[in-house]
Amino acid sequence: MNTTVIIDDLVRRGWSACEDLLPVHSVLALVNEATELWRDERFTPAGIGRGQEFKIRPEIRSDHVWWWNVEELSPAQKTYWDAIEDLRRKLNEELFLNLRDFETHYAVYPPGSLYKKHVDQFQTASQRVISCILYLNASWQKEDGGQLRIYDPETSESFTDVFPGAGTFTCFRSDTINHEVLPATRERFSLTGWLRRAA
């Protein structure tokens, strides 16, 4: 992982994408773990909002999630956690973001599921600073869909689509980068999380 490139991208355009965050065997371990949890029906429907504003709105967001417990990380999870911790330290050193912690969950989008255009930072809380996504879709093809569409913060009409193949990592500013998840024809897995500042 070239953190210099990631940091430069975040400063220049608000987002970055790379394919070398983790070695292939580490990505495949996460793929297998997420798939097994999904088969064991451990996921729950995702919603929008927080606290009393939390609602299940499948017409806006229709994925399912399984949250990591930082006190009980599996070996596969620990590898990813350490990579994100390294990125957190570098971001604090270079950009003085005062990032304190990380929260993350596995997400699966069943065929046809989506997440409409939004930003990740809540209107009532500003802890989320950098959104991080690692894709876990082996043998993914372009026709399978499910791209992450990232909108240019300067011109809301222009966008870039990120291919959700296994090992692709993208991160972006949680407060300014509008994005959406396009429908896929297959189950689409990812690790979605946020580097956060203190409340």
Side-chain angles (χ1 to χ4, degrees), residues 6 9-18 21 34 38 43-68 84 87-88 91 95 97 99-137 140 144-165 168-199:
I6 290 176
D9 285 345
L10 287 170
V11 171
R12 178 171 54 88
R13 63 185 183 185
W15 68 274
S16 185
C18 68
L21 180 76
W38 175 242
F43 285 64
T44 56
I48 60 172
R50 65 192 293 267
Q52 294 182 339
E53 301 298 318
F54 180 83
K55 297 176 183 177
I56 302 294
R57 295 284 302 276
E59 74 278 12
I60 296 174
R61 178 183 184 182
S62 48
D63 60 320
H64 295 70
V65 300
W66 186 84
W67 287 91
W68 285 18
I84 294 298
L87 177 60
R88 184 190 69 83
L91 286 168
L95 302 182
L97 295 181
L99 301 171
R100 297 291 184 86
D101 61 22
F102 183 59
E103 60 177 2
T104 191
H105 59 61
Y106 285 123
V108 59
Y109 287 78
S113 299
L114 50 73
Y115 196 160
K116 291 189 174 179
K117 186 177 179 182
H118 65 286
V119 295
D120 281 351
Q121 194 176 91
F122 294 115
Q123 293 181 350
T124 56
S126 60
Q127 287 98 318
R128 290 179 175 178
V129 179
I130 303 293
S131 302
C132 301
I133 306 171
L134 178 69
Y135 291 104
L136 304 174
N137 304 296
W140 200 259
D144 294 328
Q147 294 89 345
L148 174 70
R149 179 159 290 177
I150 297 178
Y151 289 88
D152 187 329
E154 302 297 327
T155 60
S156 59
E157 298 304 314
S158 62
F159 58 81
T160 300
D161 286 345
V162 176
F163 183 75
T168 297
F169 173 77
T170 186
C171 59
F172 50 87
R173 287 184 53 179
S174 303
D175 58 341
T176 61
I177 298 297
N178 275 284
H179 57 287
E180 66 177 312
V181 176
L182 304 183
T185 60
R186 296 167 50 190
E187 291 174 348
R188 173 193 185 276
F189 288 87
S190 66
L191 258 175
T192 300
W194 299 272
L195 286 163
R196 306 188 306 172
R197 62 165 65 98

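Between H118 and H179, the angle of the ring planes lies from 30° to 60°, which puts this pair in the tilted group. Ring-plane geometry between Y106 and F43 is classed as tilted, the angle between the planes lying from 30 to 60 degrees on a 0 to 90 degree scale.
Using a 4.5 Å cut-off on side-chain heavy atoms (C-beta onward), W194 and Q127 make no contact. At a threshold of 4.5 Å between non-hydrogen side-chain atoms, the residues D161 and L182 count as touching. Side-chain contact between E103 and W67: present, with at least one pair of heavy atoms (C-beta onward) separated by less than 4.5 Å. No side-chain heavy atom of R186 sits under 4.5 Å from any side-chain heavy atom of P111. For the pair F163/D144, no side-chain contact is recorded, criterion being any heavy-atom separation below 4.5 Å from C-beta on. Put simply, the side chain of I133 does not reach to within 4.5 Å of the side chain of L191, judged on heavy atoms. Two residues are said to be in side-chain contact when any heavy atoms from C-beta on lie closer than 4.5 Å; E157 and T155 fail this criterion. Looking at heavy atoms from C-beta onward, S131 lies out of side-chain contact with Q121 at the 4.5 angstrom threshold.
Of all non-hydrogen atoms in W15 and F172, the two that sit nearest each other are CB-CB, 3.5 Å. Residues I177 and R13 approach most closely at CD1-O, 3.9 Å, considering heavy atoms. Residues S62 and P110 come closest through the heavy atom pair O-CD, 3.9 Å. Of all the heavy atoms in G165 and Y135, the pair that sits closest is O-CB, 3.3 Å. The nearest pair of heavy atoms linking L148 to R188 is N-NH2, 4.2 Å. Taking each heavy atom of T176 and P153 in turn, the nearest pair found is O-CB, 4.0 Å.
Atom NE2 of H64 and atom OG1 of T44 lie 8.0 Å apart (nearest 0.5 Å). Atoms CD1 and CD1, on I60 and I48 in that order, are 4.0 Å from each other to the nearest 0.5 Å. A distance of 13.0 Å separates CZ of R149 from CG of N178, quoted to the nearest 0.5 Å. Distance check: I84 CD1 to I130 CD1 gives 11.0 Å after rounding to the nearest 0.5 Å. Taken to the nearest 0.5 Å, the OH atom of Y115 stands 6.5 Å off from the CG atom of D120. Distance CZ/F102 to CG/L87: 9.0 Å, rounded to 0.5 Å.
A donor-acceptor pair under 3.5 Å is formed between the side chain of R61 and the backbone N or O of G47. Side chain of T104 to main chain of T192: a donor-acceptor pair is present (N/O by atom type, distance under 3.5 Å, no hydrogens or angles).
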Review point. Are V181 and D63 close enough, and set up right, to give a side chain to side chain contact (heavy atoms under 4.5 Å, CB included), and what steps lead you there?
Key: CA-CA 10 Å; V181 176; D63 60 320; over 6 Å; no
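Taking D152 as the reference, nothing meets the side-chain hydrogen bond (donor to acceptor under 3.5 Å, both in side chains) condition, with sequence neighbours excluded.
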